[in-house]
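Worksheet: one structure, shown below.
Naming: A, B, ... by sequence-line order, numbering from 1 per chain.
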There are 2 protein chains.
Amino acid sequence: MALKGPNGEKTRKRTRSRASSAASIRDVARVAGVSTASVSRCINNSGTLSDGTRERVLAAIDELNYTPNSLARDFRRGRTFMLLVVLPSVGDPFFTDVMRGVHAEAGRRGYGIVISDTQHNSLSANEVETLLISRQADGIILFGTASPFATEILSSRRRRAIPIVIGCEAIAPELKRYPSVQIDNVLAARQATEHLIDLGHRRIAFVAGVGGSMLTADRERGYRAALEAAGKRVSAATVVAGDLSVAGAAAAAKRLLAVDPRPTAIFCANDEMAIGAASAIAEQGLRIPEDMSLVGFDDTRYAAVMQPPLTTIRQPAERIGMRSVQRICKLIEEPSALRDNPEPEIVAHELIVRASTGPVPNGR
Amino acid sequence: MALKGPNGEKTRKRTRSRASSAASIRDVARVAGVSTASVSRCINNSGTLSDGTRERVLAAIDELNYTPNSLARDFRRGRTFMLLVVLPSVGDPFFTDVMRGVHAEAGRRGYGIVISDTQHNSLSANEVETLLISRQADGIILFGTASPFATEILSSRRRRAIPIVIGCEAIAPELKRYPSVQIDNVLAARQATEHLIDLGHRRIAFVAGVGGSMLTADRERGYRAALEAAGKRVSAATVVAGDLSVAGAAAAAKRLLAVDPRPTAIFCANDEMAIGAASAIAEQGLRIPEDMSLVGFDDTRYAAVMQPPLTTIRQPAERIGMRSVQRICKLIEEPSALRDNPEPEIVAHELIVRASTGPVPNGR
DNA sequence: CTGTTAGCGCCTTCAG
DNA sequence: CTGAAGGCGCTAACAG
């Protein structure tokens, strides 16, 4: 810690003396022979400025190689132009696609993105607060991570209203006041399950997310609804917990394949888990779809190239990301919008039938 | 745009009047009956402070629910505690793993991460400058994106030395002065190719990245080196450009399969492309490895669950991310280190032989 | 159209 | 051990 010798001292000299630090707005003003206010007006295109002044300022900026210090700027304006995005796993290709949309739209609007990956853990309200306050993000987007701390965050918010948008997730009642962007997960999962029922399957298993993961809770709900609607024709629900990961689902599927009587179809709450399940199925020497039908959820870029290609639900991932950013920006830029009580925004999904699903095996 | 009515006016009131804005250090000082200096000392554990004072400050902080304004803080300190990470594709599962390491280590050290995804495009020095200067990141990590603008960024750097670390990438001579963390890509690719040669393959194709992508240039070099070393025993190199993506490689592999005489093995410069290639191979009714051996690079989480499991090169992705952050932090926290001329840090790779490679088909 | 002025919230000398 | 004071770089009134 304690630097010995003259070297350490040297570096601790007062700020003023740092050699040739970056040019400041004052330097530009001096060189251009104008006031700092004019420089400011020039770089922000605000107020009015004569062409002559503008040119001299621009020349000075060029000469000094001046770039505004955005720390000072953000401080002054009270804005960071940073968006905090909280999601369960940056590794999931679905979220990757969502983030592509987020990055594109944010970049277009001059915002940076800070990501907080909860690694599928639930996030405490406190952590979010800290992230938000200490990082001073202008707004926060919660993708599939909102509900665990919904009540907390609401009650602890004696502070100023913070722009929050929720994406991809079942919206708990107490979160209804926040804008959200999502597909109808219940309906989508129901349709996927009905697709299997229509193919004649009666023993359809479901690989869910982590215990009580809100991200997939609605999907399980849709699955159960389909089974119930089919009534006596299908057997009771068989649900196991994957952990939304490839490896977790491989293990979960293995257990499923040991059940007697064995299911004839497996519906996974996301594509990642379907990949894991496919591997477990192959390992047991079973074929897809002849011995086992398989359905995923998300239509990630891997779904179409799996062997066989995966039947799944397509979510407009990039669009969800893009819209979330648009909505958070609106909240940020028009604070009055914070008092609106917006409708959840439901975007369209689509059941993509590929070769991983087929008729139920004979006599089963 | 133009808000009509009194509403618009209201929101434009001077900053002073914003209702109950967050507590400032002055408020805390007033409530605690001390000076702002003491509050500062308390929250930063700097200087000296009597227990009594500390307690009163802490009480005031608690009462006011005070959180330091990090905009002001960063401004004052000239630090953002943000790291800029530039990479070719956040979607690639390899980089996802790298980023897991980055996030973990950065979080541990109190840094936030801003990601710039170049989408495999090359990044101009100007863009990097802008990103760096305007965002005022404390440092920048370039993963597989450095070389295209190496010369540029070096020549345009009349500014202060900026902490830069380069990862996963062939280091061009003019970048040698920057710390870097990477595997030995040439050697790894050579070993993968030799593995195929040892299995008896003589027509081995290579699916490279985008035209001249530095990220995979070394891998192509290793591939060619292995072929040359094997001399007459193997035919000339067959290299096609994928674009590091699943879809791009599927198309590239398709072309490869139409070549006469057809290769008996395909080595892809990353796993993503191997996934695409596998799909193209299956589509042609060919089996892996009986008709076609396939090798990837990265050992992403999908490699082991592919059908058949993929032979590939394992890179310590998380470790690369972690080490990169550690090194950038060192540069940031000990500016004198900027003047060091560090050795590139080579981390260990490993050839993982799985079932996607086998002996060359009879009579070919 | 342009300059002057007054801070934003915090940290850090410098005195006491 | 503590308080007073100055200023980081920029922007936004307010005068001229």
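As rounded to whole Å, 10 Å separates atom P of C/dG9 from atom OH of B/Tyr66. Straight-line distance from the CZ atom of B/Arg76 to the C1' atom of C/dT13: 9 Å, rounded to whole Å. The CZ-P distance, from B/Arg77 to C/dC8, rounds to 20 Å in whole Å. In this structure, A/Asp74 atom CG and D/dT11 atom C1' are separated by 13 Å, rounded to whole Å. Rounding to whole angstrom units, CZ of residue A/Phe75 and P of C/dG7 are separated by 13 Å. Regarding B/Ile61, its CD1 atom lies at a distance of 13 Å from the C1' atom of C/dC10, rounded to whole Å. Rounded to an integer number of Å, the gap from CZ of A/Arg79 to P of C/dG9 is 17 Å. B/Ile25 has its CD1 atom 19 Å from the P atom of D/dG7, to the nearest Å.
Take B/Arg323 and apply the salt bridge (charged side-chain N to carboxylate O under 4.0 Å, His left out) test, not counting sequence neighbours, and it matches B/Glu345. Checked against side chain to side chain contact (heavy atoms under 4.5 Å, CB included), A/Arg54 has the following partners two or more places apart in sequence or in another chain: A/Cys42, A/Asn45, A/Leu49, A/Asp51, A/Leu58. Applying the side-chain hydrogen bond (donor to acceptor under 3.5 Å, both in side chains) criterion to A/Arg77, with sequence neighbours excluded, gives no partner residue. Every residue was checked against the side-chain hydrogen bond (donor to acceptor under 3.5 Å, both in side chains) condition with B/Ser35, not counting sequence neighbours, and none meets it.
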- Steps toward side-chain contact (heavy atoms from CB on, under 4.5 Å) verdict (B/Thr48, B/Arg41): CA-CA 7 Å; B/Thr48 48; B/Arg41 283 190 270 261; 5.7 Å; no
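Scanning residues 46-55 of chain A for heavy-atom distances under 4.0 Å to DNA chain C yields A/Thr48, A/Leu49, A/Ser50, A/Thr53.
In the helix from C/dC1-D/dG16 to C/dG16-D/dC1, the terminal helix axes, each the rotation mapping four pairs' C1' atoms onto the next four within five end pairs, subtend 40°, rounded to 10°.
DNA chain D is contacted by both B/Ala72 and B/Val34; B/Val34 maps to the nucleotide lying nearer its 5′ end (nearest heavy atom per residue). Residues B/Ile43 and A/Arg41 both approach DNA chain C. Their nearest nucleotides, taken by heavy-atom distance, put A/Arg41 toward the 5′ side.
In this model, the phosphate group of C/dC11 is approached by a side-chain N or O of B/Arg73 to a distance below 4.0 Å at OP1 or OP2. For D/dG9, neither phosphate oxygen OP1 nor OP2 lies less than 4.0 angstrom from any side-chain nitrogen or oxygen of A/Ser24. At the phosphate of D/dT11, OP1 or OP2 sits under 4.0 Å from a side-chain N or O atom of A/Asn44. Contact check, A/Arg26 against D/dC8: a side-chain N or O comes under 4.0 Å of OP1 or OP2.
Of all the heavy atoms in B/Ala23 and B/Tyr66, the pair that sits closest is O-CD1, 3.3 Å. Considering every non-hydrogen atom in both A/Val90 and A/Leu87, the closest pair reads CG1-CD1, 3.4 Å.
Relative to the side chain of A/Ser38, the nucleotides C/dT13, D/dC10, C/dG3 differ in distance, and C/dG3 lies closest.
For the pair A/Arg109 and A/Tyr111, the cation-pi criterion (under 6.0 Å, within 45° of the ring axis) is not fulfilled.
Two residues are said to be in side-chain contact when any heavy atoms from C-beta on lie closer than 4.5 Å; A/Phe143 and A/Val98 meet this criterion. A/Asn69 is not listed as a side-chain neighbour of A/Ser24, based on a closest heavy-atom distance of 4.5 Å or more.
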